[in-house]
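Okay, so here's the structure we're looking at.
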Amino acid sequence: MPELPEVEVTRLSFAARIEGARVTGVRVGKPLRWPLGCAPEALLAQTVGAVTRRGKYLWLPLDRGGLLMHLGMSGSLAFGDVDPVPGPHDHFDLVTTGGTLRLTDPRRFGAVVWSPSSETGVAAKRLARLGIEPFDPRFDGAHLHAALRRRKVSVKQALLGGEIVVGAGNIYACEALYQAGIDPRTRSDRISRPRADRLAAVIRAVLARAVDVGGSTLRDFRDAHGNAGAFQLEAGVYGRAGTTCQRCGGTIRRIVQGGRASYFCAGCQRR
DNA sequence: AAGTGGACCTGCTAGC
DNA sequence: TGCTAGCAGGTCCACT
């Protein structure tokens with residue numbers, strides 16, 4: 001579910017409210033992707049710092065280390081007054097003096113892991129391979145072109161991998177390639193510099209626009225206030241197989257690449 | 001080393 | 001109506 005925009009929208013919806021709060025309780029539900037990595041009681045009485053984001057991960061600093069959180073495919077965070085009776089998919093509660101941060105994740109591909117810092121331990125291991133942030137000024141056409149030149153996989157798979165640039169998952173990779181007019185099957189090393197310039201620009205624009213409208217809610221995404229996103233309403237290709245392209249009148253197709261669905265317009269996206 | 005396919009887990013929907 | 005197969009926003013790992 002959550003790609004960079006959903007994670008960022010989530011962060012923005014609770015970061016200011018949890019900062020400075022003190023942990024008064026921890027509840028752990030069913031196992032998530034990775035073990036917590038510390039005794040839950042060890043988190044008690046610590047104060048939460050400023051929540052940051054790296055790719056699709058959130059970093060919640062504490063007095064001693066912090067929590068690295070990932071929403072997987074179906075996770076969402078709520079903060080504030082949560083139901084005192086946790087539901088079957090509520091797998092982690094961080095009770096604080098400012099409210100409870102609750103991870104709900106039916107598929108349990110998400111994670112909450114303690115790490116001694118964001119640059120060491122488990123966090124370092126998870127974040128090490130991530131590519132550049134799309135809003136980093138150093139991410140531009142030259143950067144993208146140079147990275148794509150080293151890969152032979154399709155440009156769609158290269159974007160999804162997250163080792164070149166983080167944040168564009170299946171929805172936004174499809175949308176960015178659509179807006180750039182690039183066929184998702186194009187080999188990475190065949191993307192010209194002008195097309196890389198355009199692609200870098202639209203990746204940033206698509207992700208920024210999605211953050212502005214609260215992310216995409218395909219089924220269950222909510223920010224920490226419980227608000228749904230609206231980007232899915234303005235998607236050009238994602239989930240629209242068989243419909244007509246708004247730009248050229250062609251037909252939107254669905255194919256599978258690397259086991260993931262890709263949506264694109266056969267009329268205006270070229271190799 | 002880079003590329004590929006399967007694994008993780010649950011819920012929903014389309015189709016018979 | 002009820003069952004089943006297929007599909008879903010993301011990573012990681014083993015294997016070639």
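Within the nucleic acid shown, A/Arg260 comes within 4.0 Å of at least one base atom, counting heavy atoms only. Within 4.0 Å of A/Ala261, counting heavy atoms only, lie sugar-phosphate atoms of the nucleic acid but no base atom. Within the nucleic acid shown, A/Phe231 has no heavy atom closer than 4.0 Å to any nucleic acid atom. Nucleic acid contact for A/Arg126: sugar-phosphate only, since backbone atoms but no base atoms lie under 4.0 Å from a heavy atom of the residue. Counting any heavy atom pair closer than 4.0 Å across all strands shown, A/Gly169 reaches sugar-phosphate atoms only and no base atom.
Within the 4.5 Å cutoff, no side-chain heavy atoms of A/Ile191 are placed close to those of A/Arg149. Taking the side chain as every heavy atom from C-beta outward, A/Tyr172 and A/Leu4 never approach each other to under 4.5 Å. Two residues are said to be in side-chain contact when any heavy atoms from C-beta on lie closer than 4.5 Å; A/Leu43 and A/Leu67 meet this criterion.
A donor-acceptor pair under 3.5 Å links the side-chain atoms of A/Arg240 to the main chain of A/Ala235, judged by distance alone. A side-chain donor-acceptor contact under 3.5 Å links A/Ser74 to the backbone of A/Arg107.
Mapped onto DNA chain B by nearest heavy atom, A/Arg33 and A/Gln157 fall at different nucleotides, with A/Gln157 at the one closer to the 5' end.
Following rounding to the nearest Å, A/His91 (NE2) and B/dC8 (P) show an atom-to-atom distance of 17 Å. Between A/Glu163 atom CD and B/dG3 atom P the separation is 10 Å, expressed in whole Å. As a whole-Å value, the separation of A/Arg254 CZ from C/dG6 P is 12 Å. If you measure from atom CZ of A/Arg129 to atom P of B/dG3, you get 13 Å, rounded to the nearest angstrom. Summarising the geometry, the separation between NZ on A/Lys156 and C1' on C/dG10 is reported as 12 Å, rounded to the nearest angstrom. Between A/Met69 atom CE and C/dT11 atom P there is a gap of 15 Å when expressed in whole angstrom units. One interatomic measurement links the two molecules: OH of A/Tyr238 to C1' of C/dA8, which rounds to 7 Å at whole-angstrom precision. The separation between A/Glu6 atom CD and C/dT11 atom C1' is 16 Å, rounded to whole Å.
More than 12 heavy-atom neighbours from other residues, nucleotides or ligands sit within 6.0 angstrom of CG on A/Asp83.
A donor-acceptor contact under 3.5 angstrom links the side chains of A/Asp90 and A/Thr104, judged on distance only.
Taking the six-membered ring for Trp and thresholds of 30 and 60 degrees, A/His70 and A/Tyr57 have ring planes more than 60 degrees apart, a perpendicular arrangement.
The distance between the ring centers of A/Tyr263 and A/Tyr178 does not fall below 6.0 angstrom.
Taking atom P on both B/dG5 and C/dC7, the two are 16 Å apart, rounded to the nearest angstrom. Taking the P atoms as reference points, C/dG6 lies 14 Å from B/dG6, given to the whole Å.
A stem is defined here as three or more consecutive Watson-Crick or G-U pairs, each with both distances under 3.5 Å; for DNA chain B these stems are B:2-8 with C:10-16, B:10-16 with C:2-8.
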Using a cut-off of under 3.5 Å, enumerate the N/O to N/O pairs linking the protein to nucleotides 9-12 of chain B.
residue, atom, partner, partner atom, Å
B/dC9, O4', A/Arg107, O, 3.4
B/dC9, O3', A/Arg108, NH2, 2.7
B/dC9, O2, A/Arg107, NE, 3.0
B/dC9, N3, A/Arg107, NH2, 3.4
B/dT10, OP1, A/Arg108, NH2, 2.5
B/dG11, OP1, A/His89, NE2, 2.9
B/dC12, O4', A/Arg219, NH2, 3.3

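If you check C/dG10, C/dG9, B/dG3 against the side chain of A/Val153, the one that comes closest is B/dG3.
Between C/dG10 and A/Lys56, a contact under 4.0 Å exists linking OP1 or OP2 to a side-chain N or O.
Residues A/Arg54 and A/Glu133 are paired through a salt bridge, judged by an N-O separation under 4.0 Å between the basic side chain and the carboxylate.
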